[in-house]
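The chains referred to below are lettered A, B, ... by the order of the sequence lines, with proteins before strands, and numbering in each begins at 1. Computed over heavy atoms, backbone and side chain alike; hydrogens, waters and symmetry mates excluded.
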Amino acid sequence: MSASNGHRVRVVVATPAHSGLRGPLSYESERALPPGALLRVPLGKREVLGVVWDAEPDDDAGAGFTARPVAACLDEIAPLPAAWCQLVDFTANYYQRGVGEVALAALPPQLRDLDGTQLARRLKKVATGHPAVRGADVGPPPSPEQQGALDRIAAGDGPFLLFGATGSGKTEVYLRAAERVLARDPAAQALVLVPEINLTPQLLARFVDRFGAAHVVAMHSGLTPAQRLRSWLAAHHGHARIVLGTRMAVFTSLPRLGLIVVDEEHDPSYKQQEGARYSARDLAVLRGRLETVPVVLGSATPSLESWQACESGRYQRLEMPSRIGAGALPRVRLVDMNQQPRKTLLAPALLEAIGERIARGEQSLIFLNRRGYAPVLACTACDWKSDCPHCSAFRVFHKADRTLRCHHCGYTERVPRACPGCGNVDIAPLGRGTEQLEEHLSELLSQQLRPGPDGQSRPVRVARMDADTTRAKGALEAQLAQVHAGEVDVLVGTQMVTKGHDFRRITLVAAVNPDTALYSSDFRAPERLFALLMQAAGRAGRDAAHADASQMWVQTWNPGHPLFTALRRHDYPGFAASQLRERREAGMPPFVFQALVRAEARTQEAAQAFLKAAREGGEGLDATGQVMLYSAVPMSLQRVANVERAQLLVESASRPALQHFLAAWQPVLQALRTPGVLRWAVDVDPLAV
DNA sequence: AGCACGCCGACT
DNA sequence: GTCGGCGTGCTC
């Protein structure tokens with residue numbers, strides 16, 4: 001190496017956490033390279049993409065290796081902004097992963113594969129210059145509530161929690177807030193996050209409509225690699241003014257970021273469940289702080305974390321209780337299933353109400369969070385049940401193709417003719433899924449007729465929408481179009497039907513069996529159920545003409561449960577207050593901070609042995625005495641695809657204490673060599689404990 | 001993660 | 001005699 005005129009650069013590459021190479025690697029470069037510059041560097045026998053990280057440190061000058069030369073510099077692409085590097089650095093540290101792993105995962109995958117010439121060609125395709133954004137007065141005039149929220153966003157520094165009922169016009173606030181930021185700075189950019197790919201098209205359309213297609217790009221895993229690279233380059237070089245995408249989009253390089261919006265901020269989809277298990281919502285808040293940019297978190301049912309942050313003054317709450325262009329929220333009717341005959345699937349009063357809607361040419365939405373025909377198949381003579389041989393779960397009976405399918409590992413078999421245990425031919429479904437509900441409703445409504453457009457009566461149309469009916473490409477869009485076109489009278493579906501879709505003609509929403517969430521061991525289950533039911537209720541009566549007659553039906557065996565009482569009043573603040581009180585008393589998040597170590601092994605013993613050793617290795621690492629290590633326990637779904645899973649909970653009332661502990665613990669975990677352990681991972685701020 | 005090297009079974 | 005199974009180990 002030519003130490004006299006060569007430059008030592010520190011570069012991060014995609015080295016996974018367990019590889020032992022956690023920090024940046026040193027390379028030789030002929031010229032000085034700025035932090036954030038993209039490079040190709042040799043790594044073993046390969047040549048990989050790297051990002052220049054910090055300046056040369058003086059502590060590894062004499063280390064036991066010779067730095068290899070940088071292979072190429074991708075000069076066509078501007079270096080990543082310092083704020084982007086800070087965000088990646090924080091993410092890696094906070095979520096206990098390697099910097100390089102996080103940095104490279106945050107870049108479009110195609111960037112890794114293309115060489116300099118290919119990239120130059122791609123870059124030419126991305127439009128240059130900053131065409132003026134479209135006029136600011138395209139949208140409807142903001143309501144006083146919307147204007148109040150906008151004024152506070154413009155005046156304060158946030159983060160803001162935009163607490164607005166479904167239909168209160170949160171989107172218009174996002175649009176106007178973005179408009180303002182873009183109008184003030186001719187190069188400013190806004191980042192808009194949505195929970196799911198499915199929800200991007202309609203919000204994207206709103207932004208394109210307002211700002212013009214040239215300024216808006218999408219960023220999510222549904223894009224082709226080429227599209228994703230194109231969007232990313234447009235954002236990175238400042239040509240895109242609005243980036244709209246799913247959680248991954250929080251890492252988009254945006255040189256002139258001026259606003260961050262997180263829509264439906266309570267949605268669990270914002271938590272990444274693989275690799276670095278980040279919360280895009282939390283990172284959005286952090287990014288806003290790093291770049292001194294306002295952050296707007298929007299929801300009708302905020303996460304208790306965000307709600308508590310408002311209570312403690314860390315976030316500012318902006319309230320929009322009124323529904324725009326619609327009447328009151330639907331009236332909530334509870335059906336006490338204790339008063340119904342046993343095995344009632346749909347209460348007669350509910351059926352009657354559905355019938356009334358059909359007669360009036362209105363639509364109903366029936367929600368059941370379980371796909372398939374029945375969750376279990378059981379022998380009536382012996383104790384055989386449709387267990388999955390590979391998982392600690394039942395296989396679900398799908399009547400349409402006569403299969404038993406495991407929803408966890410995918411193992412599928414044809415339904416046996418007779419009981420595999422005793423040969424009895426009488427095997428019966430236990431419980432109900434959407435398929436059965438659809439079948440049942442079709443039968444019950446088969447006698448009924450609906451008014452046709454020509455005055456003639458027509459048979460009632462029942463449709464089902466779940467992961468099974470929307471699997472094919474374009475099927476979801478086709479089904480939604482059918483509902484919108486009024487070709488469906490009663491729509492049965494899983495929670496996918498409750499999200500976002502603006503069904504104009506629906507005036508009745510029913511939750512058939514939401515009680516399971518009340519008995520869940522997950523302390524967040526009530527919070528999720530409340531959000532789900534509120535969101536479902538929001539599907540009804542979005543059209544002002546029918547809003548007054550719109551209803552939300554809930555069938556429950558626990559009609560006195562406070563959750564339903566709050567739901568009936570549409571009282572999220574009351575529900576949140578009681579949940580937070582319980583959480584505070586029980587010492588649960590958001591009043592304590594948690595992390596999990598999850599281990600996967602061939603046997604449960606091996607998984608727990610690893611965690612036991614991890615726990616022993618962790619004793620004494622916490623000097624503060626504020627970190628609590630629990631015992632290793634099997635995960636609630638103990639075995640998936642023949643892999644045994646266990647977890648260990650770590651908890652502290654102090655986030656810094658927990659962070660210090662986890663950082664000190666990491667090398668200990670890394671060094672553990674427990675036989676039989678396949679994988680392990682740390683999950684900071686886990687959603688399901 | 002890749003991609004090596006490394007030592008033991010069934011085949012042109 | 002080789003092709004190839006995937007068990008450790010290294011990558012600036």
Side-chain angles (χ1 to χ4, degrees), chain A residues 1-74 80 85 88-89 91-92 95-115 221 225 248 251 272-278 598-603 606 610 641-643 666-667 669-683:
Chain A
M1 99 183 168
S2 48
S4 51
N5 52 13
H7 296 265
R8 177 69 69 96
V9 284
R10 304 272 288 162
V11 179
V12 296
V13 295
T15 46
H18 61 267
S19 66
L21 305 170
R22 303 202 89 232
L25 305 179
S26 296
Y27 289 88
E28 284 296 320
S29 165
E30 289 171 8
R31 56 194 165 102
L33 293 164
L38 287 157
L39 308 171
R40 298 198 67 84
V41 292
L43 182 70
K45 300 265 170 178
R46 299 175 294 157
E47 195 178 288
V48 296
L49 182 67
V51 181
V52 177
W53 217 241
D54 39 32
E56 177 193 340
D58 35 32
D59 58 327
D60 77 340
F65 61 84
T66 43
R68 295 168 70 183
V70 167
C73 303
L74 304 181
L80 291 153
C85 296
V88 166
D89 236 339
T91 306
Y95 293 102
Q96 304 295 318
R97 311 295 294 201
V99 191
E101 180 197 2
V102 174
L104 277 293
L107 294 170
Q110 232 184 22
L111 215 52
R112 286 184 292 218
D113 313 328
L114 298 180
D115 63 38
S221 59
M248 67 182 332
F251 290 111
Q272 171 82 21
Q273 296 295 1
E274 265 161 20
R277 297 172 176 236
Y278 61 87
R598 296 209 171 91
E600 298 185 350
R602 283 276 168 241
T603 65
F610 171 85
N642 290 323
V643 173
Q666 192 69 42
L669 297 175
Q670 212 89 239
L672 286 180
R673 290 285 175 269
T674 319
V677 174
L678 301 167
R679 306 196 301 171
W680 61 270
V682 178
D683 188 346

Can you tell me if CD on A/E30 sees more than 12 non-hydrogen neighbours from other groups inside 6.0 Å?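 Atom CD in A/E30 is not packed in, count stays at 12 or less.
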For the pair made of [atom1] in [X] and [atom2] in [N], what is the distance, rounded to whole Å?
X      : N      : atom1 : atom2 : value
A/L43  : C/dC10 : CG    : P     : 14 Å
A/R10  : C/dT11 : CZ    : P     : 15 Å
A/R68  : C/dC12 : CZ    : P     : 5 Å
A/L25  : C/dT11 : CG    : P     : 10 Å
A/E101 : B/dG2  : CD    : P     : 12 Å
A/L39  : C/dC12 : CG    : P     : 14 Å
A/K45  : B/dC3  : NZ    : C1'   : 9 Å
A/L678 : C/dC6  : CG    : P     : 15 Å

Name all residues meeting the side chain to side chain donor-acceptor pair (under 3.5 Å) criterion together with A/E47; count only those two or more places apart in sequence or in a different chain, and write none if there are none.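 Per chain and number, A/E47 pairs via side chain to side chain donor-acceptor pair (under 3.5 Å) with A/R40.
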With sequence neighbours left out, what residues match A/Y95 under ring pair (Phe, Tyr, Trp, His ring centres under 6.0 Å)?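 Expected list: none.
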For A/P42, report the nucleic acid contact type (base, sugar-phosphate, nothing); a contact means any heavy atom under 4.0 Å.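 If one applies the 4.0 Å heavy-atom cut-off, A/P42 turns out to touch the sugar-phosphate alone, with no base involved.
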Which atom of A/A606 lies closest to which atom of A/A601, heavy atoms considered: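 In terms of heavy atoms, the two residues are closest at CB-CB, 3.8 Å.
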